[in-house]
Visitor: 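Take this structure, written in structure tokens, and hold onto it; I'll ask about it next.
Remember, it's a predicted structure, so these values are computed and weren't measured experimentally. For the single chain, residues carry numbers from 1 onward in sequence order.
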Amino acid sequence: MANEVKKLIQEAGYEPLENRRIIVKYAPANLSEQITAFFNSEFYVLQMCEHEIVLLPFNTTWGNLRKDVSLVLPYGDIQSVELGDDLLNTVITIRTGSDTIRLTTQQAALSDLRSSGAYAAIYAGNFKNWHKENLNGTLEALRTLGGRTD
């Protein structure tokens, strides 16, 4: 799957950074949304690229990657990135001049037993969970964004 992500990102015209991809969902705003989000299977690959963050959606029916990019966020537009724990997930809050984007990602400890591990290993030809392997490095790289000009 990691090679498939890289290929699709490159075909879309972006240069993915190695080991800087994780599985995310949009974060719910309140408890009511948390309940409905529990049943929502809309997952994305968050891929950090040379000059931007790219979200690549999974097909909710088949679990494979769709060939369209759903969000491109240039690093220069990012004012801040905050990380916070929410039970078994980490919430990523990205602020730009005009928007706040909240994403949630499953923490590494139980990733092998949760959706992120399944999506990360599907079609990979093995049981390698690249979400788990990339999580800490990707979160740390995201944390350093904000006010970059490249």
Visitor: Find out whether Phe43 and Val24 are in side-chain contact, i.e. whether some heavy atom of one side chain is under 4.5 Å from a heavy atom of the other.
Guide: no
Visitor: To the nearest 0.5 Å, what is the distance between CH2 (Trp130) and CZ (Arg21)?
Guide: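 The CH2 atom of Trp130 sits 6.5 Å away from the CZ atom of Arg21.
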Visitor: Partners of Glu140 by side-chain hydrogen bond (donor to acceptor under 3.5 Å, both in side chains), sequence neighbours excluded?
Guide: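 With neighbours one apart ignored, the set is Arg143.
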Visitor: Is the backbone of Asn89 close enough, under 3.5 Å, to the side chain of Gln107 for a donor and an acceptor to pair up by distance?
Guide: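 Flag set: sc Gln107 to bb Asn89 pair under 3.5 Å.
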Visitor: Give the C-alpha distance, both sets of side-chain angles, the deciding distance and a yes or no for side-chain contact (heavy atoms from CB on, under 4.5 Å) between Glu42 and Lys25.
Guide: CA-CA 6 Å; Glu42 292 181 19; Lys25 288 174 72 170; 5.8 Å; no
Visitor: Does the Tyr75 side chain pair with the main chain of Cys49, one donor and one acceptor, at a distance under 3.5 Å?
Guide: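 Here the side-chain-to-backbone pair exists.
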Visitor: Determine, stepwise, if the pair Leu142 / Ile53 fulfils side-chain contact (heavy atoms from CB on, under 4.5 Å).
Guide: CA-CA 9 Å; Leu142 287 168; Ile53 294 171; 3.6 Å; yes
Visitor: Tell me, with the steps shown, if Leu56 and Ile9 meet side-chain contact (heavy atoms from CB on, under 4.5 Å).
Guide: CA-CA 8 Å; Leu56 192 62; Ile9 295 289; 4.2 Å; yes
Visitor: Can you tell me how far apart CG (Leu71) and CD (Glu52) are? Round to the nearest 0.5 Å.
Guide: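 So the gap between those two atoms works out to 10.5 Å.
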Visitor: Can any side-chain N or O of Gln47 pair as donor or acceptor with the backbone N or O of Leu17 at less than 3.5 Å?
Guide: yes
Visitor: Measuring from Leu139:CG to Arg20:CZ, what's the distance to the nearest 0.5 Å?
Guide: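 Those atoms lie 9.5 Å apart.
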Visitor: Does Leu103 reach the side chain of Tyr44, with side-chain heavy atoms less than 4.5 Å apart?
Guide: no
Visitor: Taking the side chain as C-beta and beyond, is there a heavy-atom pair between Val69 and Leu55 under 4.5 Å?
Guide: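 When only atoms from C-beta onward are counted, Leu55 and Val69 do not touch, as no gap falls below 4.5 Å.
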Visitor: Does the side-chain contact (heavy atoms from CB on, under 4.5 Å) test come out yes or no for Val81 and Thr93, once each step is laid out?
Guide: CA-CA 6 Å; Val81 177; Thr93 304; over 6 Å; no
Visitor: Please check: side-chain N/O of His131 versus main-chain N/O of Gln106, any donor-acceptor pairing under 3.5 Å?
Guide: yes
Visitor: Checking Glu82 now: which residues fulfil salt bridge (Lys or Arg N to Asp or Glu O under 4.0 Å) with it, not counting sequence neighbours?
Guide: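 For Glu82 the salt bridge (Lys or Arg N to Asp or Glu O under 4.0 Å) partners, ignoring immediate neighbours, are Arg95.
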Visitor: Compare all side-chain heavy atoms of Met48 with those of Pro16 and state whether any distance is below 4.5 angstrom.
Guide: no
Visitor: With sequence neighbours excluded, what pairs up with Asp99 under the salt bridge (Lys or Arg N to Asp or Glu O under 4.0 Å) test?
Guide: none
Visitor: Please determine whether residues Leu73 and Val91 belong to a single hydrophobic cluster, defined as Ile, Leu, Val, Met, Phe, Trp and Tyr linked transitively by side-chain heavy-atom distances below 4.5 Å.
Guide: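 They do not share one cluster, since no chain of ILVMFWY contacts under 4.5 Å joins Leu73 to Val91.
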Visitor: What is the minimum heavy-atom distance between Ile78 and Thr96, and which atoms define it?
Guide: CA-CG2, 4.5 Å
Visitor: Can you check whether Ala141's main-chain N or O pairs, donor with acceptor, with Thr144's side chain at less than 3.5 Å?
Guide: yes
Visitor: Any side-chain heavy-atom pair from Thr104 and Thr90 closer than 4.5 angstrom?
Guide: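 No, side chains not in contact.
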Visitor: Give a yes or no answer on whether the side chain of Asn134 reaches the backbone of Ile22 with a donor-acceptor pair at less than 3.5 Å.
Guide: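 Not at all, since once roles are kept as given, no pair shorter than 3.5 Å links the two residues.
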